[in-house]
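Inspection log for the structure reproduced underneath, given as structure tokens.
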Amino acid sequence: MPRYDLHCHSTHSDGLLAPAAVVARAALRGVDVLALTDHDEVSGLAEALEAAAGSGITFVCGAELSVSWEGVTIHVVGLGIDPENAALATGLETVRSGRTKRARRIADALAAAGIRGAYEGAMKYVTSERLVSRTHFARYLVEAGHAGAVKDVFKRYLTRGKPGYVAHEWATLTQAVGWIHAAGGQAVIAHPGRYDVTATRMRRLLAEFRDEGGDAIEVLSSSHTPAQSVEFAAHARAFGLRASCGSDWHGPDESWLDLGSMPDLPAGVVPVWKDW
Ligand code: AMP
Ligand code: MN
Ligand code: MN
Ligand code: MN
């Protein structure tokens, strides 16, 4: 069975390696089919495609879109997208411009909590001026000694209810699915186990996503426990959605699971790659 990893990041969003280096590492790790899925961005795909040629890797163009759904931030991965598609490019540009304004507000919120210079500090970690994320703030806050590790910064400062958290409106679910489909891709709910929603709301999200034409959910993700993989495999079957698999890798020493380290999909689900 070929090894699939359909979710990871590069320096074009909040990953630590350039696209070509991500592809090289995936090849070393035995990945057969790889998708690069930078946040709200497709600019790394050309380099990744070029690096994949001759590497033995089948490369799939992807992106991870930020969505607001009933006040919750949801991520929707697009797989098999055309990076040149105008509707997708325009949509992503709008979402990215919101990020820059939000970064100022995050810095203001942190300043109010006594942490100064966070905007400039985060900018030192930004690797694409088009894309600033909370991860860049987190890396700076570790450097400045406010926490020992990125995940601790999130817990203490950057999640809902914490001093550096600011609410933000991303794309709608309808827009995200629409842009991905316009670009010829499949829409996949990323790491569903990570959202802080009740079981009832999760079913509502999946029903709405399916009704919008959504294609799949990530059943296997580094964010999921084995029990959650079983749970979301059952949801995939119940909602008639396909199943995807991605490490959500961001860089050495910063991610739970390395590229290509996912087990096979559980039995009884239809893989997102069935018709590839
Ligand atoms: P943003 O899109 O700017 O809100 O940043 C979201 C990114 O922050 C995610 O893609 C992860 O890379 C990272 N992130 C979110 N929550 C956590 C967490 N609890 N620990 C570590 N990284 C996180
Ligand atoms: Mn990320
Ligand atoms: Mn995500
Ligand atoms: Mn991701």
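Excluded from the calculations below are hydrogen atoms, water molecules and symmetry mates; all remaining heavy atoms, backbone and side chain alike, are included. Predicted, not measured: the structure shown is a model, and the values here were computed from it. Remember, it's 1-based here, ligands and their atoms both numbered in the order they're listed.
Between the Mn ion (ligand 2) and the N, O or S atoms of D14, the shortest distance is to OD2. The atom name of the N/O/S atom in H250 closest to the Mn ion (ligand 2) is NE2.
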* To do: Apply salt bridge (charged side-chain N to carboxylate O under 4.0 Å, His left out) to the pair D38 and R130, showing each step before the final yes or no.
  => CA-CA 12 Å; D38 276 312; R130 291 154 58 111; over 6 Å; no

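Taking distances strictly below 2.8 Å, the protein N/O/S atoms close to the Mn ion (ligand 3) are E64 OE2, H75 ND1, H191 NE2.
Remark: D248 engages R194 in a salt bridge, criterion side-chain N to carboxylate O under 4.0 Å. Classification of D5 and R29 as a salt-bridged pair fails, no side-chain N sitting under 4.0 Å from a carboxylate O.
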N/O contact list for ligand 1, threshold under 3.5 Å:
{"unit_1": "ligand 1", "atom_1": "2 (O)", "unit_2": "R99", "atom_2": "NH1", "d": "3.4"}
{"unit_1": "ligand 1", "atom_1": "2 (O)", "unit_2": "R99", "atom_2": "NH2", "d": "2.8"}
{"unit_1": "ligand 1", "atom_1": "3 (O)", "unit_2": "R99", "atom_2": "NH1", "d": "3.0"}
{"unit_1": "ligand 1", "atom_1": "3 (O)", "unit_2": "R102", "atom_2": "NH1", "d": "2.8"}
{"unit_1": "ligand 1", "atom_1": "3 (O)", "unit_2": "R134", "atom_2": "N", "d": "2.8"}
{"unit_1": "ligand 1", "atom_1": "4 (O)", "unit_2": "R102", "atom_2": "NH2", "d": "2.7"}
{"unit_1": "ligand 1", "atom_1": "4 (O)", "unit_2": "R134", "atom_2": "NE", "d": "2.8"}
{"unit_1": "ligand 1", "atom_1": "4 (O)", "unit_2": "R134", "atom_2": "NH2", "d": "3.1"}
{"unit_1": "ligand 1", "atom_1": "8 (O)", "unit_2": "T135", "atom_2": "OG1", "d": "3.2"}
{"unit_1": "ligand 1", "atom_1": "10 (O)", "unit_2": "H39", "atom_2": "NE2", "d": "2.8"}
{"unit_1": "ligand 1", "atom_1": "12 (O)", "unit_2": "D14", "atom_2": "OD2", "d": "3.0"}
{"unit_1": "ligand 1", "atom_1": "12 (O)", "unit_2": "H250", "atom_2": "NE2", "d": "2.9"}

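When ring centroids are compared, H168 and W170 come within the 6.0 Å threshold.
Counted within 6.0 Å of CD on E143, heavy atoms from surrounding residues, nucleotides or ligands total more than 12; the atom is thus considered enclosed.
Residues meeting the side-chain hydrogen bond (donor to acceptor under 3.5 Å, both in side chains) test with S133, sequence neighbours left out: T135.
A tilted orientation is assigned to the rings of Y140 and Y125, their planes being inclined by 30° to 60°.
A cation-pi geometry, defined here as NZ or CZ lying under 6.0 Å from the six-membered ring centre and within 45° of its normal, holds between R104 and Y119.
Listed by first and then second residue, the ring pair (Phe, Tyr, Trp, His ring centres under 6.0 Å) pairs that reach into residues 50-93 are H39-H75, H75-H191, sequence neighbours excluded.
For the side chain to side chain contact (heavy atoms under 4.5 Å, CB included) test with I106, the passing option among F137, Y165, Y157 is F137; the others fail.
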